[in-house]
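Here the structure is laid out as structure tokens; the discussion comes afterwards.
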Amino acid sequence: METLRQEFDFQTLRTNGIKVNYLYVCERKLWFFDRGIQMESKSDKVLMGKLLSEYSYPAEEKRELLIDNLINIDIVGDDQIREVKYSNRLAHADRIQLLYYLYYLKQIGIEKKGIINYPKMRKREEITLTPEAEREVEEALVRVREIVSMEKPPELKKKPYCTKCAYFEFCWS
């Protein structure tokens, strides 16, 4: 663990927030996404998630902030950032994505709290960037780099949510 911290270079490992999320959803999906194979535009579930994010919390003024063309924060408040998610089925992936955003902001001198909103479920989860969470983000960034550096996509692994994935037919047909 200590070796990772000594050798960690954020500038070379920083990446797109979706890739950090996909690392925890499916490494194969991450690899395809990195190569520009993006199936999300054909997914009804992805479209429903975008609509939910767009039309939830209409009173919020600061919405959709893209930073360095890498992280796209759904809602920015004075002391917090928020991500809006369709459901909490992939809560761990949602959590690491928001932790990455908090980590990214900290690297550029901004410290905020994080909240994941699940408006359809009327739930919210507060996320705090602790030293342990920072190490988790750093490990995730190293792993993302390892996956996208592979010559071939990671092997197929059947997951409970594969049939609902935008890449399902691409992987399993």
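Quick caveat: nothing in here was measured; it's all calculated off a predicted structure. All heavy atoms count here, side chains included; hydrogens, waters and symmetry mates do not.
- Within 6.0 Å of NZ on Lys123 lie no more than 12 heavy atoms contributed by other residues, nucleotides or ligands.
- Residues in residues 75-84 take part in these side-chain hydrogen bond (donor to acceptor under 3.5 Å, both in side chains) pairs, two or more places apart or across chains: Glu60-Arg82, Lys62-Asp78, Arg82-Asn117.
- In this pair, Tyr100 and Phe10 present their aromatic rings tilted. The plane angle is within the 30 to 60° band.
- A donor-acceptor pair under 3.5 Å links the side-chain atoms of Arg35 to the main chain of Val148, judged by distance alone.
- A salt bridge does not link Glu125 to Lys85: none of the charged nitrogens lies less than 4.0 Å from a carboxylate oxygen.
- There is no side-chain donor-acceptor pair under 3.5 Å between Tyr24 and Gln97.
- Counted within 6.0 Å of CG on Asp68, heavy atoms from surrounding residues, nucleotides or ligands total more than 12; the atom is thus considered enclosed.
- By the neighbour-count criterion of 12 heavy atoms within 6.0 Å, atom CD of Glu146 is densely surrounded, having more than that number from other residues, nucleotides or ligands.
- In this view, Lys112 satisfies the salt bridge (Lys or Arg N to Asp or Glu O under 4.0 Å) rule with no residue, not counting sequence neighbours.
- Between the side chains of Asp94 and Tyr118, a donor-acceptor pair is found at a separation under 3.5 Å.
- Taking the side chain as every heavy atom from C-beta outward, Phe8 and Leu141 approach each other to under 4.5 Å.
- In terms of heavy atoms, Leu129 sits closest to Leu99 at CD1-O, 3.9 Å.
- Of the possible donor and acceptor atoms, one in the side chain of Asn16 sits under 3.5 Å from a partner among the backbone N and O of Ile18.
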Should Glu134 and Thr130 be marked as a side-chain contact (heavy atoms from CB on, under 4.5 Å) after you check the CA-CA gap, both sets of side-chain angles, and the distance that decides it? CA-CA 6 Å; Glu134 288 186 26; Thr130 63; over 6 Å; no
